[in-house]
Amino acid sequence: MTTPELPTQYTPADVETQSYERWVSGGYFGADPGSGREPYSIVLPPPNVTGVLHIGHALDHSIQDALSRRARMRGMETLWLPGMDHAGIATQNVVERELGKEGLSRHDLGREAFIERVWQWKDESGGRILGQMRRLGDGVDWSRERFTMDEGLSRAVQTIFKRLFDDGLIYRAERIINWCPRCLTALSDIEVEHSEDEGELVSIRYSDEIVVATTRPETMLGDTAVAVHPSDERYAHLIGTTVELPLTGRRIPIVADEHVDPAFGTGCVKVTPAHDPNDFEIGRRHSLPSLTVMDERGVITAHGPFQGLDRFEARPAVVAALRQQGLIVAEKRPYLHAVGHCSRCKTVVEPRLSLQWFVNVSPLAKAAGDAVRDGRTRIHPPELAKRYFDWVDDMHDWCISRQLWWGHRIPVWYGPAGEVVCLGPDESAPEGYVQDPDVLDTWFSSGLWPFSTLGWPEKTPELARFYPTSVLVTGYDILFFWVARMMMFGLYAMDGQPPFRTVALHGMVRDQFGKKMSKSFGNVVDPLDWIERYGADATRFTLLRGANPGSDVAVSEDWAAGSRNFCNKIWNATRFALMNGAAVGELPDSLTAADRWILSRLQTVIGEADAAFEEFEFAKASDLLYHFAWDEVCDWYLELAKVQLSQGLEDTRLVLGHVFDALLRLLHPLVPFVTEELWRAVTGGESVVVSTWPVADARYADPAAEAEILAVQELVTEIRRFRSDQGLKPGQKVAARLSLSGTALAEHEAAIRSLLRLQEPSETFAATASLVVAGVTVQLDTAGTIDVAAERKRLEKDLAVARKDAAQVAAKLGNEQFMAKAPDDVVAKVRARAESSAADIARLEGQLAALPAG
RNA sequence: GGGCGGUUAGCUCAGCGGUAGAGCACUCGCCUUACAAGCGAGGGGUCACUGGUUCGAUACCAGUACCGCCCA
């Protein structure tokens, strides 16, 4: 085999793009539902077509890529299905903003032309995301890429809508919903973000006896009652009477309702059924009229001087008017209270009474909870399951209609005589019927993602093979946004089969101080920036190395550089192995202790890596492979191999080949690009992507060899410490006499001398220092006086440690309770420690006594 | 207000009943023929606090303080 010319530094940009294109054109990522292999499937949480991938996506994708690459290498028929969702509100907002620059509104274009325009934007924006995924190295099956608005998925949406409608689980009703006066659409509960904002609490006198407190004085224009608690004696005599509503002259009733908290404020509350969800319920209970006093933009429509004012202008105006009449009893400002904001545009949400479509979630949510309760779906880490239960067990009906144009139009048509028909994909409405103008919540279609992407409602081979999917990988922040919805729809559409066997949740990516990344704080990391500067592998490895299940990942530039260094280390170590003729082949039966040691360690590491991957412990898998690769393979084994090669031990090449072949395959799911390049060079194979995952082989387990090499390491480390303490330069050769015969280290003299730069003693050898390590005496001739003070300091320090340990251990052994109750193996360990610390003390005292004075 | 999680080395985090660990940062010495994106050595922690369980607690239990997240 010829030695390939590899540069001394790994340059990711030189290999990443071409490797990726070769993987795709090789068809490695394509999934075949017809193969006889065990299936493994993941659907990519579809990013919003309007956005760009941020570092959080990079983490999410890195995990999925690691899982699916490993599954593929383990011989499973692996599907990682990519795609995007149409992000109704966000996308429409972006395109409307673009139009705004041209001085146009969507109404100027009309619905059809506007949607045409959105599709153009979708191609442009979506294309950017696809490019980012390629740069990351995502091994997805591009032939199965889906989009929530594509034809097949739209059929799925219409099909399930009709099914739910026919089952009575979708209904239309006039309710108080969350309304965004800027986006001009309804929102579901989870699209509202609550924050503690500074507002005001104003107490208004409605009569001599009635004072109400409110944070939203402007809504008093729409009051239709005052409510008190039925058992509140202060107001019992007023129940059933009326009071005049200030500023309006309307008389409104005083009603008794359990909902009122008599301890809050005066115990009287104003009731505005059209502008508050709680008041709406009170209104229903008491058959109160609902009076809408604001339009869709939050502008006051009530008659009077306030008409035409925005809700935030109306607020002080109403208070001023009341104050003028002496009706303001108290004002508290600022007053901290929870305020809902549109999660898209941060506008304060307005509760609004309107006619909308809802999903009756009770039976669906119960099924979604049960699937996790009975273990059909496992949430990982398990402590996050509680959040899931809290959500699904107390879910309100889901408002699914949106007053937008971009999305799946509600498949309901209204006839001229008030008929309402819901139609499936291949049905058409009778002449003269008009379709509902609204579209569905984006989550309605992304809730179908795990099966709509596989061809549902058709009974496709893909669906039969890859559903339920093996695992869903997503952030814990999206557990109820999306996971709960997919669970509900999946169980409903797929006859009680949940969409995932496991939901593996990861955390958010944060900066090096654990701070949330935000544009305003300026600590946002762009994954492409890191990919350019450190490589895709380093970017991924940095993220995976911090990814503990369910917890946040802190990253920094320094750590990305560290990951890059790791890739470079692997690169150079493999380069060294290749330069020395590393080759893959049958290993001979007779190998050196060093060979048997590294092969034995390899088996252990394979087992540990498997265990970590199975439990989504990516940080652990990364860490243990990092240390095995760097500390054991690249450091100790390569140094030992150098000695073996210089001794002409040809088998070393086969061991090098074997170890690097396995190591590169183990690392491939984490750092796919550098391992691909190197693995091909080592093995001559087509691609590590389609190689096999290493399997631990018990025949190579060799505790004796491990113990032997451990002794070598101890000896070498101790003498290095002496050298360092004595200020001997690393390259400086020192004459030494080793008394290894009869010890476990007998065979390792050459290695020890090489690692420690120890020369054979000459005729004039005169030991200036003598050290005892691991039962071996090493005499050194440092060719001059040694630094006695430094050596004494060192020995005294070690002696202090040994004495402290001896005292600790003696105390234990002298403790009757400990001796009586501690398990035998622990006692045995303590006894062994007692012996070794006693030996250490004797040795160190001897060495100290032997030191020349001074 | 309810719930969950956290508090271990300067920073970020592992460990989770029996001798305190990693990466980065730091100090010292080295361009030792794979790698200075490197090599060798080193310093650094009463494991938040208070009780309890135990022969033994950083780890288990209870409480306190502080931090973070989710929900209302």
Side-chain angles (χ1 to χ4, degrees), chain A residues 6-11 189-190 193-194 338 340 381 383-387 389-391 394 476-477 479-480 507-508 510-516 534-535 538 542 545-548 550-580 617 619-620 622-624 626-627 630-631 634-635 638-639 641-642 716-733 754-757 794 797 801 804-806 808-809 811-812 815-823 825-827 829-830 832-833 836-837:
Chain A
L6 295 176
T8 61
Q9 278 199 352
Y10 172 56
T11 312
D189 293 346
I190 55 175
E193 290 171 0
H194 294 273
E383 55 268 26
L384 285 171
K386 197 178 174 333
R387 273 197 200 182
F389 292 134
D390 285 348
W391 176 253
D394 184 30
Y476 60 69
D477 58 324
L479 186 58
F480 29 77
M508 308 293 107
R510 293 166 175 274
D511 77 4
Q512 60 188 310
F513 303 112
K515 281 212 166 61
K516 218 172 192 166
Y534 301 108
T542 302
R545 217 180 165 191
N548 292 116
S551 57
D552 290 347
V553 181
V555 297
S556 85
E557 182 114 11
D558 282 348
W559 305 341
S563 300
R564 178 216 35 202
N565 296 354
F566 175 60
C567 294
N568 194 235
K569 185 73 184 177
I570 301 300
W571 176 266
N572 276 295
T574 311
R575 195 165 68 88
F576 170 81
L578 288 168
M579 287 179 347
N580 285 284
E617 304 264 11
K620 194 182 277 182
S622 305
D623 194 59
L624 79 96
Y626 176 96
H627 285 290
W630 200 314
D631 302 347
C634 300
D635 187 346
L638 284 192
E639 292 306 324
K642 284 177 187 173
V716 168
T717 302
E718 182 60 26
I719 306 298
R720 277 177 178 164
R721 195 159 76 159
F722 172 80
R723 290 187 58 128
S724 184
D725 285 346
Q726 289 298 314
L728 295 167
K729 306 284 185 213
Q732 188 178 330
K733 301 249 199 271
S754 165
L755 290 170
L756 289 169
R757 321 263 156 192
R794 155 66 52 200
K797 188 187 165 193
V801 170
K804 190 179 162 199
D805 195 50
Q808 236 174 44
V809 169
K812 284 204 173 195
N815 182 336
E816 276 176 41
Q817 296 278 15
F818 173 78
M819 297 306 283
K821 294 185 177 170
D825 62 316
V826 172
V827 175
K829 253 191 211 165
V830 174
R833 261 176 69 198
S836 80
S837 55

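To find a chain, count down the sequence lines: A is the first, B the second, and so on, and within it residues start at 1. If you're wondering where the values come from, they're calculated on a predicted model, not measured in any experiment.
Scanning all heavy atoms of the two residues, the minimum distance from A:Tyr534 to A:Ala560 falls at CD1-CB, 3.8 Å. Closest of all the heavy-atom pairs between A:Ala619 and A:Asn548 is CB-ND2, 3.3 Å.
With both ends at atom C1', the span from B:A72 to B:C13 equals 33 Å, rounded to whole Å. A gap of 36 Å separates the C1' atoms of B:G42 and B:C60, to the nearest Å. Of the P atoms belonging to B:U27 and B:G21, the separation is 23 Å, rounded to the nearest Å. A distance of about 14 Å separates the C1' atoms of B:A9 and B:U46, rounded to the whole Å. Taking the P atom of each, B:G44 and B:C39 are spaced 24 Å apart, rounded to whole Å. The gap from the P atom of B:C4 to that of B:C61 amounts to 13 Å, rounded to the nearest Å. A distance of about 13 Å separates the P atoms of B:G51 and B:A57, rounded to the whole Å. Nucleotides B:A25 and B:A34 place their P atoms 25 Å apart, quoted to the nearest Å.
The pair A:Lys829-A:Asp825 fails the salt-bridge criterion, with no side-chain N (NZ, NE, NH1 or NH2) lying under 4.0 Å from an Asp/Glu carboxylate O.
Proximity of A:Gln512 to A:Val555: side-chain heavy atoms (C-beta onward) are nowhere separated by under 4.5 Å. Counting heavy atoms from C-beta outward, A:Phe576 and A:Leu638 have side chains that approach closer than 4.5 Å. A:Asn568 places a side-chain heavy atom less than 4.5 Å from the side chain of A:Gln9. Side-chain contact between A:Thr8 and A:Arg575 is present, with at least one heavy-atom pair separated by less than 4.5 Å.
In this model, the phosphate group of B:A34 is approached by a side-chain N or O of A:Lys642 to a distance below 4.0 Å at OP1 or OP2. Phosphate proximity of B:G29 to A:Lys729: absent, as no side-chain N or O sits under 4.0 Å from OP1 or OP2. Contact annotation: A:Asn815 does not reach the phosphate of B:G56 (side-chain N/O to OP1 or OP2, under 4.0 Å). Of the side-chain N and O atoms in A:Arg721, one or more sit less than 4.0 angstrom from OP1 or OP2 of B:G42. Contact between the side-chain N/O atoms of A:Trp391 and the OP1/OP2 oxygens of B:C4 is not found at any separation under 4.0 Å. Residue A:Asn568 has no polar side-chain atom (N or O) positioned under 4.0 Å from OP1 or OP2 of B:G38.
If you measure from atom CG of A:Asp552 to atom P of B:C13, you get 8 Å, rounded to the nearest angstrom. Note: CZ (A:Arg387) to C1' (B:A72) measures 15 Å, nearest angstrom. Atom CG of A:Leu384 is separated from atom P of B:G68 by 19 Å (rounded to the nearest Å). Protein atom CD1 of A:Ile570 is 14 Å distant from nucleotide atom C1' of B:G38, rounded to whole Å. We find that NZ of A:Lys812 is positioned 17 Å from P of B:U54, with the value rounded to whole Å. Atom-to-atom, CD1 of A:Ile719 to C1' of B:A41 comes out at 14 Å; the value is rounded to the nearest Å. For A:Asp390 and B:C71, the CG to P distance is 11 Å, given to the nearest whole Å. Between the CD atom of A:Gln732 and the C1' atom of B:G40 there is a distance of 14 Å, given to the nearest Å.
Sorted by first then second residue, the salt bridge (charged side-chain N to carboxylate O under 4.0 Å, His left out) pairs that include residues 550-567 of chain A, not counting sequence neighbours, are A:Arg510-A:Asp552, A:Arg533-A:Glu557.
Contact annotation for A:Thr717: backbone-only contact, meaning every heavy-atom pair under 4.0 Å involves sugar-phosphate atoms and none involves a base. Among the heavy atoms of the strands lying under 4.0 Å from A:Arg833 is at least one base atom, whether or not backbone atoms are also near. Within the 4.0 angstrom heavy-atom criterion, base atoms lie near A:Gln9. Residue contacts shown for A:Cys567 are absent, as no nucleic acid heavy atom lies under 4.0 Å away. Within the 4.0 angstrom heavy-atom criterion, base atoms lie near A:Glu639. Counting any heavy atom pair closer than 4.0 Å across all strands shown, A:Asp635 reaches sugar-phosphate atoms only and no base atom. Among the atoms of the strands shown, only primed sugar atoms or phosphate atoms (P, OP1, OP2) are found under 4.0 Å from some heavy atom of A:Asn548. If you check every strand for non-hydrogen atoms under 4.0 Å, A:Lys569 touches a base.
Base pairing of B:U19 is not made with any nucleotide, judged by Watson-Crick or G-U wobble geometry with both donor-acceptor distances under 3.5 Å. Both distances falling under 3.5 Å, in either a Watson-Crick or a G-U wobble arrangement, place B:A65 opposite B:U7. Remark: B:C47 base-pairs with no nucleotide; criterion is Watson-Crick or G-U wobble with both hydrogen-bond distances under 3.5 Å. Searching all strands for a Watson-Crick or G-U wobble partner of B:A34 with both distances below 3.5 Å returns nothing. Judged by Watson-Crick or G-U wobble contacts below 3.5 Å, the nucleotide B:G56 has no partner. Nucleotide B:C39: paired with B:G29 (Watson-Crick or G-U wobble, both distances less than 3.5 Å).
Checking A:Lys821 against A:Asn572, the closest nucleotide of RNA chain B that is more toward the 5' end is the one next to A:Asn572. Heavy-atom distances to RNA chain B give each of A:Ser556 and A:Leu638 a nearest nucleotide, and the one nearer the 5′ end belongs to A:Ser556.
Within 3.5 Å, a donor on the side chain of A:Arg564 pairs with an acceptor on the base of B:A37, or the reverse.
Among B:U32, B:C35, B:C4, the nucleotide with an atom closest to any side-chain atom of A:Thr8 is B:C35. Set against B:G3, B:U19, B:A14, the side chain of A:Asp805 has B:U19 as its closest nucleotide. In this structure, of B:U32, B:G3, B:G38, it is B:G38 that holds the atom nearest to the side chain of A:Asn565. Listed nucleotides: B:C39, B:C69, B:C35. Nearest to the side chain of A:Trp630: B:C39.
Put simply, the side chain of A:Thr574 gets close to the backbone of A:Ile570: a donor and an acceptor are under 3.5 Å apart. A donor-acceptor contact shorter than 3.5 Å links the side chain of A:Ser563 to the backbone of A:Trp559. Using a distance-only test at 3.5 Å, with no hydrogens or angles considered, no donor-acceptor pair links the side chain of A:Asn815 to the main chain of A:Ala811. A:Arg723 places a side-chain N or O within 3.5 Å of a backbone atom of A:Leu756 that can act as its donor or acceptor partner.
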Provide a list of protein-nucleic acid N or O atom pairs under 3.5 angstrom, restricted to nucleotides 8-10 of chain B.
none

Between protein and nucleic acid, restricted to nucleotides 20-23 of chain B and to nitrogen or oxygen atoms under 3.5 Å apart, what atom pairs and distances do you find?
{"unit_1": "B:A22", "atom_1": "O2'", "unit_2": "A:His627", "atom_2": "NE2", "d": "3.0"}

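For the pair A:Arg545 and A:Tyr626, the cation-pi test (distance below 6.0 Å, angle within 45°) is passed. Taking the ring axis of A:Tyr10 as reference, the NZ or CZ atom of A:Lys569 does not stay both within 45° of it and closer than 6.0 Å to the ring centre.
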